[in-house]
Protein chains: 2
Amino acid sequence: MPPYTATSLKAELNARGWRLTPQREKILHVFQNLPRGNHLSAEELYSLLEQREEGISLSTIYRSVKLMSRMGILRELELAEGHKHYELNQPYPHHHHHLVCIQCNKTIEFKNDSILKQSLKQCEKEGFQLIDCQLTVMTICPEALRMGWPSTLPSNWSCTRAISEGKTLKSLVAEDEDKE
Amino acid sequence: MPPYTATSLKAELNARGWRLTPQREKILHVFQNLPRGNHLSAEELYSLLEQREEGISLSTIYRSVKLMSRMGILRELELAEGHKHYELNQPYPHHHHHLVCIQCNKTIEFKNDSILKQSLKQCEKEGFQLIDCQLTVMTICPEALRMGWPSTLPSNWSCTRAISEGKTLKSLVAEDEDKE
DNA sequence: CTCGTTGCAAAGCGTTTGCATGGCA
DNA sequence: TGCCATGCAAACGCTTTGCAACGAG
């Protein structure tokens, strides 16, 4: 799947009885020029376009990102921030996943082909068609750990389950095989 | 790691200056008796408890599932349904992931150890501490494909999988009560 | 010309919060 | 007894929707 251009976007929209509007073109353009590792919320996209004096109403923003997500052009991210973020849905080999600090929301992008392979395998097994797969790794970042997590929470808080889960798994990583 | 009991829940709560209340105990109980592969939204949990005449206010539900998620007892799922779902956070080897139809929300649970391994590997590389990792595979189910996805869908169409999924809540209550 | 699309404002919906009351440690 | 937790209702923030005007095909 090649990256979208205004022309191919128009073609795909028209094929489904939808239309290419200046608004949709501008939105696509923003995402195409977004530096790698960035993703925008509807609100952020809105104010970004506002700053460029290409204002688009918030409702159109919402309608467009939803449509473009359903078309497979954008990717809807559910990070731990209480609202959705969007980015270009880049096919393999640009496909990637996210590691998020649940304390400060810091996000790191990472690639891992085997995850996509595993997802595909699962889809084929069930007879479903893969649209996207997202691995979200919920973590505590080093800064948050240094800042005192988990003591930023009441007294001697700790997520004992997660900790012992981590310990159990170290042995698994050692034997790491990455076989599909 | 052993599953939580009312006693161990109390111990962990008290250790952090929190308290075991009948409400929290009932909520834990519901999740412990939930058939595998099921997860509840706050609203569903609320009406489930209401049907048993053990009513708990919605705000307490929200406060409790949030607290228990942060303690690592529950797992907060971001499926493609516009609201969060919760399930017991079962450590390896019961850890699992989800395949979701973005049209009808039909969800299939699947296990895959390599995903957990890859996540842990990534965490160690970045120096982050793993709390949880969730692979969500967004798909179109065979039925939605047959209906002509994506161009010919009526705006409010949902395939029969979604309908039968919706019906399960009642049967869950029945099953759960049998186990008491 | 038609019918999808936009902008605006209002509504919707899941979730959170302030506050007085209740109840666990 | 002190203080966390609950229930209620109101507030909140993100997102969706109704409607009249607009404009792409």
Side-chain angles (χ1 to χ4, degrees), chain A residues 6-7 9-28 39-47 49-50 53-71 74 76-86 105 153-155 157, chain B residues 6-7 9-28 39-47 49-50 54-71 74 76-86 105 150-156:
Chain A
T7 312
L9 175 61
K10 183 178 190 322
E12 272 211 36
L13 283 167
N14 292 349
R16 293 171 192 168
W18 298 327
R19 294 171 184 172
L20 179 66
T21 62
Q23 290 89 338
R24 287 172 183 172
E25 204 172 332
K26 281 172 190 167
I27 290 171
L28 175 65
H39 29 72
L40 301 174
S41 66
E43 205 76 46
E44 287 164 346
L45 179 54
Y46 175 69
S47 45
L49 284 161
E50 203 172 39
E53 299 176 2
E54 313 200 89
I56 299 181
S57 76
L58 240 192
S59 39
T60 296
I61 299 275
Y62 276 108
R63 280 187 279 233
S64 298
V65 292
K66 194 179 187 180
L67 176 68
M68 291 167 81
S69 295
R70 295 215 167 134
M71 288 176 72
L74 295 183
E76 199 173 71
L77 305 176
E78 300 271 12
L79 305 178
E81 304 179 35
H83 54 265
K84 290 167 186 161
H85 276 207
Y86 297 85
N105 284 330
L153 293 162
S155 58
W157 156 279
Chain B
T7 312
L9 175 62
K10 182 179 190 321
E12 274 209 37
L13 284 166
N14 292 349
R16 290 167 197 142
W18 298 328
R19 294 168 186 174
L20 180 65
T21 62
Q23 290 90 337
R24 288 173 182 173
E25 203 172 335
K26 282 173 190 167
I27 289 171
L28 174 65
H39 29 71
L40 301 173
S41 66
E43 203 76 47
E44 286 164 345
L45 179 53
Y46 175 70
S47 47
L49 284 161
E50 201 173 40
E54 313 200 88
I56 299 181
S57 76
L58 240 191
S59 38
T60 296
I61 300 275
Y62 276 108
R63 280 188 278 233
S64 299
V65 293
K66 194 178 188 182
L67 176 68
M68 291 167 80
S69 294
R70 295 212 168 136
M71 288 177 71
L74 296 182
E76 199 172 71
L77 305 176
E78 301 272 11
L79 305 176
E81 304 180 34
H83 52 266
K84 291 167 187 161
H85 275 207
Y86 298 85
N105 287 330
S151 56
T152 60
L153 288 176
S155 51
N156 57 348

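Just so we're on the same page: letters track the sequence lines, and every chain starts at 1.
- Between the C1' atom of D:dT15 and the CG atom of A:L45 lies a distance of 14 Å, rounded to the nearest Å.
- One finds the CD atom of A:Q23 at 10.5 Å from the CZ atom of A:R63 (value rounded to the nearest 0.5 Å).
- Position along DNA chain C of the nearest nucleotide to B:Q23 versus B:K84 favours B:K84 as the more 5'-ward residue.
- The NE2 atom of A:H83 sits 19 Å away from the P atom of D:dC12 (whole-angstrom rounding).
- At a threshold of 4.5 Å between non-hydrogen side-chain atoms, the residues B:M71 and B:L13 count as touching.
- Counting heavy atoms from C-beta on, the side chains of A:I61 and A:L49 come closer than 4.5 Å.
- An end-to-end axis angle of 50° holds for the helix from C:dC1-D:dG25 to C:dA25-D:dT1, taken from five base pairs per end and rounded to 10°.
- For B:S41, the side-chain hydrogen bond (donor to acceptor under 3.5 Å, both in side chains) partners at least two apart in sequence or on another chain are B:E44.
- The distance between atom CG of A:L58 and atom P of D:dT15, rounded to the nearest whole Å, is 9 Å.
- Distance B:L49 CG to D:dT6 P: 13 Å, rounded to the nearest Å.
- Nucleotide D:dG13 holds its P atom 11 Å from the CD atom of A:E43, rounded to whole Å.
- DNA chain C is contacted by both B:N14 and B:G82; B:G82 maps to the nucleotide lying nearer its 5′ end (nearest heavy atom per residue).
- Distance B:I56 CD1 to D:dC8 P: 12 Å, rounded to the nearest Å.
- Distance, A:L13 CG to D:dG25 P: 9 Å, rounded to whole Å.
- Of the inter-residue distances, the one linking B:I27 atom CD1 with B:L45 atom CG reads 5.5 Å to the nearest 0.5 angstrom.
- Within the 4.0 Å cut-off from OP1 or OP2 of D:dA5, at least one side-chain nitrogen or oxygen of B:R24 is found.
- Where DNA chain C meets chain B (any atom under 4.0 Å from a heavy atom), the bounding nucleotides read 5' to 3' are C:dG14 to C:dA25.
- Under the 4.5 Å side-chain criterion, counting only non-hydrogen atoms from C-beta, A:L67 is in contact with A:R24.
- Contact annotation: the side chain of B:L77 never approaches that of B:K84 to less than 4.5 Å [non-hydrogen atoms, C-beta and beyond].
- Closest-nucleotide positions on DNA chain D for A:R63 and B:T21 were compared, and the one nearer the 5' end corresponds to B:T21.
- Between A:Y86 and A:H39 there is no side-chain heavy-atom pair separated by less than 4.5 Å.
- Counting to the nearest Å, the P atom of D:dA5 and the NZ atom of B:K26 are 17 Å from each other.
- Within the 3.5 Å criterion, the main-chain N or O of B:T60 finds a donor-acceptor partner in the side chain of B:S64.
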